[in-house]
Amino acid sequence: MEVAEDTRRNQKPKYNMWQNVCYMIRLAWCEKEKKVLVLGLLVALLTVLSNLINLYISPTVLAAVERKSSIGDFIFTILLFVGAMMFCSAALSYVNANTLFGRVSLRMVIVGKINKKAAVTSYPNTEDDEFIKLTAKAAKCADRNSGATEAVWNTIVSLLYNSIGFIIYIILLSSVHVVMVIIILVTSIIGYFVSKYVSGYQYRHRDEVADYENKMWYISNMARDYNGAKDIRIFGMKSWFEEVQSKILDSYMSFYRRAEGIYIWAKITDLIMAFLRNGIAYGYLIHLVLSNHLTASQFLLYFSAVGGFTTWVMSILENLVTLHRQSLDLTTVRECLEYPECFRFEEGEHLLPDNRKKYEIRLENVSFRYLGAKENTLSHMNLTLHPGEKLAVVGVNGAGKTTLVKLLCGLLEPTKGRVLLNGRDIREYNRRDYYCMFSGVFQQFSLIAGTIGTNIAQREEGIDRSKMERCAKIAGLEEKIQSLPRKYDTHLNREVYEDAVMLSGGELQRLMLARALYKDAPIVLLDEPTAALDPIAEAQMYQKYNELTRGRTSVYISHRLASTRFCNRIILLDNGGIAEEGTHDELMKLGGAYAKMFAVQSKYYQEGEVQDEK
């Protein structure tokens, strides 16, 4: 296992530097942000022009002095250069001020793509550690201006004007001596390859870094989570949080100390190469002056050009190193966006749910095993969910109840076997269309930062208000909503809205029930939706659902067996399959595991009532 992990860490990036540059250019072109390309080109040309003006101004003025030019010519030359410098400076300031907007816009396009990938990817990917880490790293690459998805444009433009300047200077210096140019190039290239190797160090250890960062992110968020506020205080978890965070931070800093040691040696190599490069070039120019092969103005020009040429070369190499690092981040982003999907979406056959139709779902010899597990959660299961049937699924924790529901609604793919909708394999359909067949409440649910109304309707506009109010009333939430000043316009989630209210656990579950009712899908799935309610409230809630879902296919999961008595059929899961099946009365007469579980729960509530009376 460790060998496989090391191999994955050391594998080459999927895309090289130039492929990622082309990707960003195509993105700018396709997203109608061509101004990013045009303004970038203008910056490059104006920067080179400004540099050439600075290069020639002193030698030109000195040459005028050597020629003993008139005062008028001398002043005209100076004014010409000053005017050119002012123009370039003003133009550069204007163009640079307008480049940011397009680049930010493109970064937000990438952020949107990453968010969309995370939101609509095949559900099994959301439980895949590799995809989770990849998504986190991709999001980090696009969460700020200095991230690769935006900063890469600075590097591309810098590389462009440095390359143009390099070509101009190499033509200029070649007229002095080609050997000097070669020496400058060779010493610079050696330094580049050393830097390139070092720049890949963090990429080769990216999984280690991601592990540290994910742990620190988790601890930080847990410490700020309002849901854990009581536990932190009652159990004195503050010191534990600090101890865990300190250990993770020490490991994180230890890694960067190792990395900094490698970076220091790369800098030392750069200094040695710079000493050789500049020493030889300047020595040769001084020799030419002493031997009367260069005038004072020519010496000043070439002396400045050597320094400028070295700057161009080193800047190009630094740009390449930076671009290489940014390319690694862009590769991470692209790998995230292109992460393989195990479900068919747009390429699948379209399905339009209709409440007037009858739908039958059948599990045919279905087995399922979670990634990394040694045994199947479900094995060779055959189950038919008939149209209009109310099916209850019960069993001990870990029996596979939630897994079964996820298989029915297409969130998970069977390891073996098939799930059929009216006799057709659901893998033939567009999976998003198939999801529209279901309305459900699961143990873990999402609460969006919005109003109560938007959380029920799951949209901002086009809300059927009468339907929304009816669903809230059926879910038992109407009285709570009416007690709030802004009623259905009340905000939820204090992380976004200062005036947000906090609903209790039971109220949140009622809100999720109202949301499920509002969707009004042909098949209803309820996975422990009333866990936070007391038994009486739960029984009342299920009675309402019994009335609401009359004639509609429904699946219920509950640990409280009494709440499933209204169902047409009850199945008890055990050892990866259906251990018992029948109505409540039939299973009680059978006297098996279901009857024993029911007896234990009944005794518990009876003892509770006696204790209350005492």
Side-chain angles (χ1 to χ4, degrees), residues 122-124 126-127 342-343 353 359-371 373 376-421 426-427 429 431-432 434-446 509 512-513 515-517 519 521-532 538 541-542 545-546 549 552-561 563-564 566-581 594:
S122 301
Y123 183 80
T126 66
E127 299 180 341
C342 53
F343 295 158
Y359 295 102
E360 176 191 87
I361 299 179
R362 179 157 52 92
L363 271 63
E364 186 179 83
N365 197 33
V366 166
S367 296
F368 181 81
R369 178 180 299 184
Y370 285 98
L371 187 66
N376 290 336
T377 301
L378 299 175
S379 297
H380 306 290
M381 177 177 286
N382 291 285
L383 173 67
T384 299
L385 182 60
H386 303 288
E389 179 182 24
K390 291 178 174 60
L391 175 70
V393 183
V394 300
V396 299
N397 289 335
K401 303 185 295 297
T402 299
T403 300
L404 174 59
V405 169
K406 289 181 178 179
L407 287 167
L408 287 172
C409 65
L411 291 176
L412 297 178
E413 192 81 1
T415 307
K416 291 182 181 179
R418 301 187 300 168
V419 179
L420 306 175
L421 175 66
I426 66 171
R427 285 174 289 197
Y429 294 113
R431 189 58 62 99
R432 295 192 185 99
Y434 183 73
Y435 293 151
C436 295
M437 296 283 299
F438 301 88
S439 180
V441 178
F442 298 96
Q443 295 179 32
Q444 296 179 339
F445 51 80
S446 60
Q509 287 193 325
M512 294 302 105
L513 292 173
R515 182 176 72 174
L517 294 174
K519 185 178 179 183
I523 303 172
V524 179
L525 304 173
L526 301 175
D527 184 1
E528 295 286 349
T530 55
E538 181 185 43
M541 183 65 66
Y542 273 117
Y545 261 99
N546 183 33
T549 59
R552 189 170 302 183
T553 308
S554 309
V555 179
Y556 303 85
I557 294 178
S558 178
H559 281 98
R560 293 169 185 160
L561 304 186
S563 63
T564 62
F566 69 90
C567 294
N568 307 120
R569 181 166 50 129
I570 301 170
I571 61 172
L572 185 144
L573 299 184
D574 191 24
N575 293 324
I578 300 175
E580 296 179 12
E581 182 176 2
Y594 179 88

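In this text the structure is predicted, and so the values were computed from the model without any measurement.
When all heavy atoms are compared, the tightest approach of A516 to V441 is CB-CG2, 3.7 Å. In terms of heavy atoms, A579 sits closest to D574 at CB-CB, 3.8 Å.
Within the model, atoms CD1 of I361 and CG of L408 stand 5.5 Å from one another, a figure rounded to the nearest 0.5 Å. In this structure, the separation between CZ on F368 and NZ on K416 is 14.0 Å, given to the nearest 0.5 Å. Note that CG of L404 and CG of L412 are 10.5 Å apart. Values are rounded to the nearest 0.5 Å. Atom CG of L513 sits about 10.0 Å away from atom CZ of R515, to the nearest 0.5 Å. Separation of atoms OH (Y434) and CG (L411) is listed at 9.5 Å; rounding is to 0.5 Å. Rounding to the nearest 0.5 Å gives a distance of 9.5 Å between CG of L363 and CG of L385.
For the pair T553 and V524, the minimum side-chain heavy-atom distance is 4.5 Å or more. Annotation: side chain of L407 is in contact with side chain of P414 (closest heavy-atom distance under 4.5 Å). Looking only at side-chain heavy atoms (C-beta outward), R418 and R427 come within less than 4.5 Å of each other.
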Please step through side-chain contact (heavy atoms from CB on, under 4.5 Å) for the pair V405 and I557, ending with a clear verdict. CA-CA 9 Å; V405 169; I557 294 178; 3.2 Å; yes
Given side-chain contact (heavy atoms from CB on, under 4.5 Å), test L573 with M381 step by step and report yes or no. CA-CA 10 Å; L573 299 184; M381 177 177 286; 3.6 Å; yes
Let me see the working for T384 and E360 under side-chain contact (heavy atoms from CB on, under 4.5 Å), right down to the final yes or no. CA-CA 7 Å; T384 299; E360 176 191 87; 3.7 Å; yes
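Between E127 and K406 there is a salt bridge, with a side-chain nitrogen of the basic residue lying less than 4.0 Å from a carboxylate oxygen of the acidic one.
Between the side chain of T415 and the backbone N or O of R369, at least one donor-acceptor pair lies under 3.5 Å. The main-chain N or O of Y123 is found under 3.5 Å from a side-chain atom of T126 such that the two form a donor-acceptor pair.
Residues satisfying the salt bridge (Lys or Arg N to Asp or Glu O under 4.0 Å) test with R431, not counting sequence neighbours, are E413. Under the side-chain contact (heavy atoms from CB on, under 4.5 Å) criterion, T377 pairs with Y370, T403, not counting sequence neighbours. Taking the side chain to side chain donor-acceptor pair (under 3.5 Å) definition, one finds that Y435 meets it with nothing, sequence neighbours left out. Residues satisfying the side-chain contact (heavy atoms from CB on, under 4.5 Å) criterion with H380, sequence neighbours excluded, are N365, S367. For E581, the side-chain contact (heavy atoms from CB on, under 4.5 Å) criterion is met by R569, I571, I578, not counting sequence neighbours. Partners of C436 under the side-chain contact (heavy atoms from CB on, under 4.5 Å) rule, at least two apart in sequence or in another chain, are P353.
A 6.0 Å sphere centred on CG of N575 holds no more than 12 heavy atoms belonging to other residues, nucleotides or ligands.
For Y556 and K390, the side-chain atoms include no donor-acceptor pair closer than 3.5 Å.
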